[in-house]
Amino acid sequence: MTDPIQRPSLDVSSYQPAAGGIAARARAAAGPAYLSGLNPEQRDAVETLDGPVLVLAGAGTGKTRVLTTRIAHILSTGRARPAEILSVTFTNKAAREMKLRLGQMLGQAVEGMPWLGTFHSIGGRILRYHAELVQLTSNFTVLDTDDQIRLLKQLLAADNIDDKRWPARMLAGLIDGWKNRGLTPSQVPAGEAAMFGNGRGGKLYAQYQERLKILNAADFGDLLLENIRLFREHPDVLRQYQNRFKFILVDEYQDTNVAQYLWLRLLSQTPSSPSPILRDAALRAAPQDEGADDEGSASTDPVPHPEERGQSPRVSKGEAGTPTPSGPPKNICCVGDDDQSIYGWRGAEVDNILRFDHDFPGAKVIRLERNYRSTGHILAAASHLIAHNEGRLGKTLRTEDVDGEMVTVTGAWDSEEEARAIGEEIEQLQRQGHALNEIAILVRASFQMREFEDRFVTLGLPYRVIGGPRFYERAEIRDALAYLRVINSPADDLAFERIVNVPKRGLGDATVQMLHDHARKRRMPLFEAARMVIDTDELKPKARSSLRGLIENFERWQVQRDALAHTELAEIVLDESGYTEMWQKDRSADAAGRLENLKELVRSMEEFENLQGFLEHISLVMDRDGGADEDAVSVMTLHSAKGLEFETVFLPGWEEGLFPHQRALDEQGRAGLEEERRLAHVGITRARKRAKLYFATNRRIHGTWNTTIPSRFLDELPAANVEITESKGGSGWGGMSGYGPSRFDNVESFGSSYSTPGWQRAQAQRGRSGGGSNGGRSGGFGESGASYSSGSARRAPFTIEGELVAKSTGTDSAFSLDDRVFHQKFGYGHVTKIDGNKLTIAFDKAGEKKVVDSFVERV
DNA sequence: TGTGGAATTGCCCTT
DNA sequence: CAATTCCACA
């Protein structure tokens, strides 16, 4: 395949408005200020307000800019008021970004964009307005995965299903999948429903939904699915929203799943269409339907299954299923890039974007192919890589930027050296004056992040982990929230159960079991049951008085709730419940951090009006935006990097089995591989100036060391744009520690091709040292006789002492030997060695580590 | 009922 | 190698 990259550096037609053609210039001159600086395609996407529009926006082509400018355009032309525009994104981050940019564009006038948000937050909001119609009340709780699992465990236990053989996690996964596909319990195909628990899967799903209603709770999937049900069962409500939203904008359309698609479809019908039933029929039209509305609908299967949608060559133009029987087509604008579809495993249907013009007849398709982000080499590498995928809509990204630095590929001995090498490169960039904010490390799997954290702590290099363990998922936060949830909604059994015995109150399993029985018998919440039980003698005196104390606490708090500010209430609750005390007494390493988190929680409550408002949002706002101000390296997964860009991007872990991930390959086959490849494409295109790829020869998986092969994606990069470099961090390997020469010693002899002896030899060495796992990829390497000396599977006992000495400041440390110290991450320990500002500390739990002194405090 | 140690299992990506 | 769960015992 030919190089898909063209770099029309001579084609100056429109990159800069000033150099544009006469017509373009005239328009630019005529239009309002916010339109200037757009290229013709972008401008087209902004100005085409009527009818459906699909914008295929490759990486770095100004997608967000188009979306926000389009909103600005709608508003300033008076076509709609802010509250009449529905604008959905996937992440809160994206929503926030749009609000920010819109604010900059329009002045301060963004206050009134109530319907700009994520699918889930908007779905949740609509659901709260009409909660009674779906058997909830407006203060319903949004359950997270943990609550979900616990609930399912209870159901499994009640049904005597062995949760060894049928784990609750698995059922949660199945239910999630069904909800992603828009399937209510009765719509799940019989075959699938039978897959779990000897045919009881479907029944369990139904039971689960019932329990949710009793608990006045919804899970994440419900925020959309129940919304769809609401719209289906109450056409008048639907019509209300159809009327309200004059314009719909969707970001990252390639990532929409079936439920989201259905939701959008419902909202994008014009309200004047005939009957709700017909509309529904149109909606569900599968290719064979030929317009016949089987509205009597044996209702087994009202929703087209994604499988069907995927396989059949569905687009026989003008066939049935076209929406909008009457009235003008809705003004819906979807923006996406099929090459950045990386959420297939979560139920996203690339198909949605591939068949947009079928769903929305007469759709105008606009391609944005001018990349304003990356240099020539980076774009060429990314494009060449993604060209290995089949079934793309096919875009050709172009840049007018210079070639810049080549993409680099670096091998490291193991993941630790990989981290060390990257750390070194970062420090070098830092010395050259590059901002750390412009540097990111993008990993495939989150467990890779630890290695970098450890290394950066040692170096004293500021970093921030983005999207790591979520703030609200931490045990202490969930505990604190559970207390507040019980106060807010005493029927929240899950929350109550979570904290009855936290901190320990002598209310163990036996007591809880008893409460459960009681509650079930009288069909009342646990809290109610507890209140009753303390007046009987069914409990031992000790447990009884303990439980009474708890209940009385809650009753008091419930009263105080109305009298006090919610932040104050939270402090009182954490204090009086003994929860804070519990952690204060705890001497383990992370106790201090947990207390800090609790403070942070209370602090974050200030932004909300009241307790109810806070609880509503906390479950949806997943990302904490921790101090983005200070200059720090960003560490995150490839998935959460989508939509971001950095000057320099490090991409470690390009090894078979990790990237592409083995499980993606096993479970999804070729589709999985292609999704992984898109992920690789996303990774490379995050970089503006430097993309640096790494692979390690040895990696620890599951605690055991494995020898790995470089990723096939490395082979798929265009040789002309890639440079193979030597690992710089390695005081360890290379000449120094008995491994013989580095594979990359002789870089020049490589020429620029991977088929050179050097490269093959490198591969061979790796393939040979046959650890366990590599499931043999095609061939070529491996057997040919590499002739390296032995012992390559063993790690050298090298140290990094020299490096540290060389860097240490030589100034006296504020610490002395044997000082007792505390470290945020590693906990307590004592100083065993001092070297300038670098300390060696023997931690009680974490073992011996080298740490910069500013990271610890004396205790 | 609470505790500590043994056993076990999972490390993909997330709204 | 983790964090989590299980299990025997106080």
Side-chain angles (χ1 to χ4, degrees), chain A residues 88-95 117-124 142-146 149 153 163-164 167-170 172-173 176-177 179-180 218-225 251-252 255-257 259-260 341-348 415 442-451 466-470 472-473 475 501 503-513 539-540 542-543 546 590 619-623 636-642 653 657-668 672 675-676 678-680 682-683 699-706 773 845-847:
Chain A
V88 276
T89 63
F90 272 82
T91 62
N92 292 297
K93 202 163 55 186
T118 66
F119 276 101
H120 290 88
S121 64
I122 292 175
V142 178
L143 298 189
D144 58 36
T145 338
D146 236 57
I149 303 273
K153 272 193 179 147
D163 71 344
K164 277 280 192 326
R169 291 185 76 74
M170 184 194 259
D176 225 48
K179 289 187 174 176
N180 282 337
D219 66 17
F220 252 76
D222 280 345
L223 295 181
L224 280 165
L225 187 57
D251 192 14
E252 308 281 15
D255 287 333
T256 50
N257 62 32
Q260 288 155 340
S341 160
I342 54 176
Y343 284 108
W345 51 274
R346 207 177 65 187
S415 49
L442 310 183
V443 298
R444 171 69 244 265
S446 50
F447 72 87
Q448 293 172 259
M449 298 199 286
R450 252 198 59 166
E451 205 97 46
I466 295 180
R470 311 200 172 297
Y472 88 106
E473 271 174 16
N501 204 28
K504 299 253 184 290
R505 301 188 173 88
L507 301 172
D509 290 346
T511 312
V512 173
Q513 193 51 51
L539 281 176
K540 289 193 211 122
K542 217 166 87 187
S546 178
D590 44 359
S619 46
L620 295 177
V621 179
M622 332 264 305
D623 41 18
M636 67 187 98
T637 65
L638 284 161
H639 280 88
S640 48
K642 192 166 70 159
L658 178 61
F659 193 30
H661 200 281
Q662 193 57 46
R663 243 167 91 175
L665 264 37
D666 292 346
E667 288 166 18
Q668 306 289 333
E675 182 153 314
E676 295 288 299
R678 288 194 290 269
L679 203 48
V682 166
R699 192 171 292 274
R700 206 169 32 196
I701 299 170
H702 265 11
T704 51
W705 286 93
N706 286 70
S773 68
K845 302 233 160 146

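Just so we're on the same page: letters track the sequence lines, and every chain starts at 1. On a predicted model such as this, the values are computed, not experimentally measured, just so you know.
Taking 4.0 angstrom as the limit, A/N257 places none of its side-chain polar atoms (N or O) nearer than this to OP1 or OP2 of B/dT15. Put simply, A/R700 has no side-chain N or O that comes within less than 4.0 Å of OP1 or OP2 on C/dA2. At the phosphate of B/dC11, neither OP1 nor OP2 sits under 4.0 Å from any side-chain N or O atom of A/S446. For A/R346, no side-chain nitrogen or oxygen approaches OP1 or OP2 of B/dT14 to under 4.0 Å. Taking side-chain N and O atoms only, A/T637 has a distance below 4.0 Å to OP1 or OP2 of B/dT14.
Here the separation of B/dC13 from C/dT4, taken at their P atoms, is 16 Å to the nearest Å. Taking the C1' atom of each, C/dC6 and B/dC11 are spaced 22 Å apart, rounded to whole Å.
In this pair, A/W345 lays its aromatic ring flat on the base of B/dC13, centres within 5.5 Å and planes under 30 degrees apart. Where stacking is scored as ring centres under 5.5 Å apart with planes under 30°, A/H120 does not register as stacked on the base of B/dT15.
Checked by atom type and distance alone, the side chain of A/H702 never pairs as donor or acceptor with a backbone atom of A/T704 at under 3.5 Å.
Atom NE2 in A/H702 sits roughly 15 Å away from atom P in B/dT8 (whole-Å rounding). The separation between A/K153 atom NZ and C/dC6 atom C1' is 12 Å, rounded to whole Å. Rounded to a whole Å, the CZ atom of A/R169 is 11 Å from the P atom of C/dT4. Taking atom CZ on A/R663 and atom P on B/dT14, their separation rounds to 14 Å, with Å as the unit. Between the C1' atom of B/dC11 and the CG atom of A/L658 lies a distance of 9 Å, rounded to the nearest Å. The NZ-P distance, from A/K164 to C/dT4, rounds to 16 Å in whole Å. Put simply, CD on A/E252 is 12 Å from P on B/dT15, counting in whole angstrom units.
At a threshold of 4.5 Å between non-hydrogen side-chain atoms, the residues A/D219 and A/K179 count as touching. When side chains are defined from C-beta on, A/K642 counts as touching A/Y343, because their heavy atoms get closer than 4.5 Å.
Taking for each of A/Q260 and A/K540 the nucleotide of DNA chain B with the nearest heavy atom, the 5'-most of the two is the partner of A/K540. The residue among A/A664 and A/T145 whose nearest nucleotide of DNA chain B lies closer to the 5′ end is A/A664.
If you check every strand for non-hydrogen atoms under 4.0 Å, A/A543 touches nothing. When heavy atoms are screened at a 4.0 angstrom cut-off, A/Y343 is found touching the sugar-phosphate backbone but no base atom. As judged by a 4.0 angstrom heavy-atom cut-off over every strand, A/F90 is placed among residues touching the sugar-phosphate backbone only. Within 4.0 Å of A/S121, counting heavy atoms only, lies no atom of the nucleic acid at all. Using a 4.0 Å heavy-atom distance criterion, A/D219 is classed as making no nucleic acid contact.
With B/dC12, B/dT14, C/dT5 as the choices, the nucleotide that has an atom nearest any side-chain atom of A/H661 turns out to be B/dC12.
One donor-acceptor pair, N or O on each side, does fall under 3.5 Å between the base of B/dC13 and the side chain of A/R444.
The minimum heavy-atom distance linking A/M636 with A/A641 is given by the pair SD-CA, 3.7 Å. In terms of heavy-atom proximity, A/R444 sits nearest to A/H639 at NH2-CE1, 3.5 Å.
Note that the CH2 atom of A/W345 and the CD atom of A/Q668 stand 11.5 Å from one another [nearest 0.5 Å].
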